[in-house]
*Asks:* 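Quick one: structure below, then a few questions.
When reading the values below, keep in mind they use all heavy atoms of this one structure, side chains included, and skip hydrogens, waters and symmetry mates. The chains referred to below are lettered A, B, ... by the order of the sequence lines, with proteins before strands, and numbering in each begins at 1.
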There are 2 protein chains.
Amino acid sequence: MTIAERLTWRDVYDTIQGRILDATYPPGTRVPRDEDIALDLGCARATVQRAMRALADEGLIERKRKGGTHVLRLPATRATFHIPVARLEVEATGARYGYQLVSREEADAPRAVAAALELHAPARMLHVRALHLANQRPYLFEDRWICVETVPEILDVDLSRENANEWLLQNRPYSRCDLRFFAMKASADEAALLQAEEGDALFGIARSTWNGADPITTVTALAPPGYELHSRA
Amino acid sequence: MTIAERLTWRDVYDTIQGRILDATYPPGTRVPRDEDIALDLGCARATVQRAMRALADEGLIERKRKGGTHVLRLPATRATFHIPVARLEVEATGARYGYQLVSREEADAPRAVAAALELHAPARMLHVRALHLANQRPYLFEDRWICVETVPEILDVDLSRENANEWLLQNRPYSRCDLRFFAMKASADEAALLQAEEGDALFGIARSTWNGADPITTVTALAPPGYELHSRA
DNA sequence: TGACATATTATGTGCATACATTTTATTGTT
DNA sequence: AACAATAAAATGTATGCACATAATATGTCA
């Protein structure tokens, strides 16, 4: 004899997701209101709400007050990526991580940097270039500008030993982050640093971060041919 | 005189996030238990729970039963991307969308395709290549393999008029999706199709989808130089 | 000392209820 | 017929409570 177990929101989630996947609720159609589903499945409305919110977060359904719940016509294809913290990424592959400072100098923000950080006035910056290595081989080259006004302590950090990215992450949490992925041809310089050929296709990641309105840093990271960014959902 | 308004979970969220960002709760430290925060801020524990779950989902904190809540040392650097449905992406820029079938033929799955879809046995596939255009210019070139056994109806779809990607999304929802982003040099063929130069750096998106254990499709989409994938958080 | 059973604790979940919010539908007025 | 005021409907949220679950700390016994 089966015991009348309580449904968890996960059960409801699975049920509804199943009905969407097997087209019991086809794309574009309306899903019954929470209360009816609750009645149907035999649980509280709050439980259905919890499940529905999860489904909505994942982009399968759309909810509107009074409008009800609808299955999206084109399910939102979104992917969550873990942005590489180079050291962790390298270590995860079992390789030995290495770090090498290429250059470090104070300078005023050039046009492109000011634009990336949405600066309105000229700003003093620390310009750092560094290499991340996996088993002695170039893994990622980063070209970074750090806003000295926002992060004055950075001037006292020994960046020949410590990785600017991780120092910033641990000491300057950010509240906003802009990301861009792109492909570009390697210049002679970049090719040399990455031990690649000039003109090779590099994978680029550009990131800018702020805390509130204060600009923190903007980086462009380049990966040699063969690099891939993964995600599974 | 201010009315004693109730706190919403969003208020609690903002408060705690603020305390993390201004290092009231520094990285690695423990955050008070939900009940104490509730008592402190003057709301119900459930409200705190709601806020904490959101913060945990976003990768700022980590929660463990009995272990309590901790601020992560390296705040999860993750980003959510909306994978382009080419037509919508083009239309969003105000350009006119166009679609052009390049080739269509039935064939057995070659090695690479079988691997991408984790096929154990040889499988009959439909191989489709197509161009997405923005204002008549190449925007994205897709090379797609569709599993005929899982999606037999695809053989009856007029792919010279209808876009395989959207047809599949609307008719074959998937439960799993693998994604890869990469950069590669354009071959002569690809360059011609994308009106680029041979050897140009192309941005690549490879996607495979399944419904349950059934393989649906695997695509490689290539974008001409200048293409960027964005995300802001 | 070490291993295993047991208690404790913080988060996770389900439920019932009341009310808030938003958007649509209806009604009424000019 | 057009427009504004009003009602209605669905989801969203806050609360209190009881209990479930998982991880840690404690205690007992060999």
Side-chain angles (χ1 to χ4, degrees), chain A residues 2-17 19-20 24-73 75-76, chain B residues 2-17 19-20 24-73 75-76:
Chain A
T2 329
I3 307 169
E5 294 256 343
R6 276 182 170 175
L7 287 178
T8 81
W9 68 266
R10 196 76 220 182
D11 295 330
V12 177
Y13 176 99
D14 290 341
T15 302
I16 303 298
Q17 194 201 34
R19 289 184 184 173
I20 291 172
T24 303
Y25 302 142
T29 60
R30 180 170 184 169
V31 176
R33 37 193 277 263
D34 295 3
E35 196 163 345
D36 290 338
I37 291 183
L39 221 59
D40 174 25
L41 301 182
C43 64
R45 177 163 79 91
T47 309
V48 176
Q49 239 262 54
R50 181 76 180 72
M52 290 300 213
R53 187 153 32 78
L55 286 165
D57 285 347
E58 274 153 46
L60 235 69
I61 60 177
E62 189 180 35
R63 315 198 78 201
K64 281 223 295 260
R65 284 168 157 152
K66 161 94 187 185
T69 302
H70 289 260
V71 181
L72 286 181
R73 269 171 204 291
Chain B
T2 329
I3 308 171
E5 294 255 341
R6 275 182 169 173
L7 288 177
T8 83
W9 68 267
R10 196 76 219 183
D11 296 328
V12 178
Y13 176 99
D14 290 341
T15 301
I16 304 298
Q17 193 201 35
R19 289 183 185 172
I20 292 172
T24 302
Y25 302 142
T29 60
R30 181 171 182 169
V31 175
R33 33 193 281 261
D34 295 2
E35 195 163 346
D36 291 338
I37 291 183
L39 221 58
D40 174 24
L41 301 182
C43 64
R45 181 170 69 98
T47 309
V48 175
Q49 238 265 80
R50 181 75 179 75
M52 290 300 212
R53 187 154 32 79
L55 286 165
D57 285 347
E58 274 151 46
L60 235 66
I61 60 177
E62 190 179 34
R63 316 199 77 201
K64 281 223 295 257
R65 286 170 157 156
K66 160 95 185 182
T69 302
H70 289 261
V71 181
L72 287 182
R73 269 169 205 293

*Asks:* Roughly how many Å is it from CG in Asp57(B) to P in dG12(C), rounded to a whole number?
*Replies:* 10 Å

*Asks:* Check every strand shown and say whether Gly68(B) touches a base, only sugar-phosphate, or nothing at a heavy-atom separation below 4.0 Å.
*Replies:* sugar-phosphate

*Asks:* Mind checking what makes salt bridge (charged side-chain N to carboxylate O under 4.0 Å, His left out) contact with Asp36(A), not counting sequence neighbours?
*Replies:* Arg33(A)

*Asks:* Rounded to whole Å, please give me the gap between CZ in Arg53(A) and C1' in dT11(D).
*Replies:* 11 Å

*Asks:* Would you compute the distance between atom OH of Tyr25(A) and atom CG of Leu60(A) and round it to the nearest 0.5 angstrom?
*Replies:* 13.0 Å

*Asks:* Tell me whether the OP1 or OP2 atom of dG12(D) has a side-chain N or O from Gln49(A) closer than 4.0 Å.
*Replies:* yes

*Asks:* Can you list the residues that meet the side-chain hydrogen bond (donor to acceptor under 3.5 Å, both in side chains) rule with Thr8(B), with sequence neighbours excluded?
*Replies:* none

*Asks:* Less than 4.0 angstrom between a side-chain N/O of Thr69(B) and OP1 or OP2 of dA10(C), yes or no?
*Replies:* no

*Asks:* Of all of residues 24-38 of chain A, which get a heavy atom below 4.0 angstrom from DNA chain D, listed by number?
*Replies:* Arg30(A), Arg33(A), Asp34(A)

*Asks:* Can you give the donor-acceptor pairs under 3.5 Å from side chains of residues 40-56 of chain A to other protein atoms, not counting sequence neighbours?
*Replies:*
none

*Asks:* Could you tell me the separation between the NE2 atom of His70(B) and the P atom of dA10(C), rounded to a whole number of Å?
*Replies:* 11 Å

*Asks:* Treating primed atoms plus P, OP1 and OP2 as sugar-phosphate and everything else as base, which nucleotides of nucleotides 14-20 of chain D get B, S or - for protein heavy atoms under 4.0 Å?
*Replies:* SBS-B--

*Asks:* Looking at CD1 of Ile37(A) and OG1 of Thr69(A), how far apart are the two atoms once the value is rounded to the nearest 0.5 Å?
*Replies:* 7.0 Å

*Asks:* Check whether the side chain of Lys64(A) and the base of dT22(C) form a donor-acceptor pair under 3.5 Å.
*Replies:* no

*Asks:* Quick one: salt bridge (charged side-chain N to carboxylate O under 4.0 Å, His left out) pairs with a partner in residues 60-70 of chain B, sequence neighbours left out?
*Replies:* Asp34(B)-Arg63(B)

*Asks:* Which residues pass the side-chain hydrogen bond (donor to acceptor under 3.5 Å, both in side chains) test with Gln17(A), not counting sequence neighbours?
*Replies:* none

*Asks:* Between P on dT11(D) and CE on Met52(A), what's the gap in Å once rounded to a whole number?
*Replies:* 7 Å

*Asks:* Quick one: which of dG12(D), dT24(C), dT9(C) gets closest to the side chain of Lys66(A)?
*Replies:* dT24(C)

*Asks:* Who passes side-chain hydrogen bond (donor to acceptor under 3.5 Å, both in side chains) against Thr29(B), sequence neighbours left out?
*Replies:* none

*Asks:* Without decimals, in angstroms, what is the distance between Glu62(B) CD and dA22(D) P?
*Replies:* 16 Å

*Asks:* What distance do Leu7(B) atom CG and Asp14(B) atom CG have between them, rounded to the nearest 0.5 Å?
*Replies:* 11.0 Å

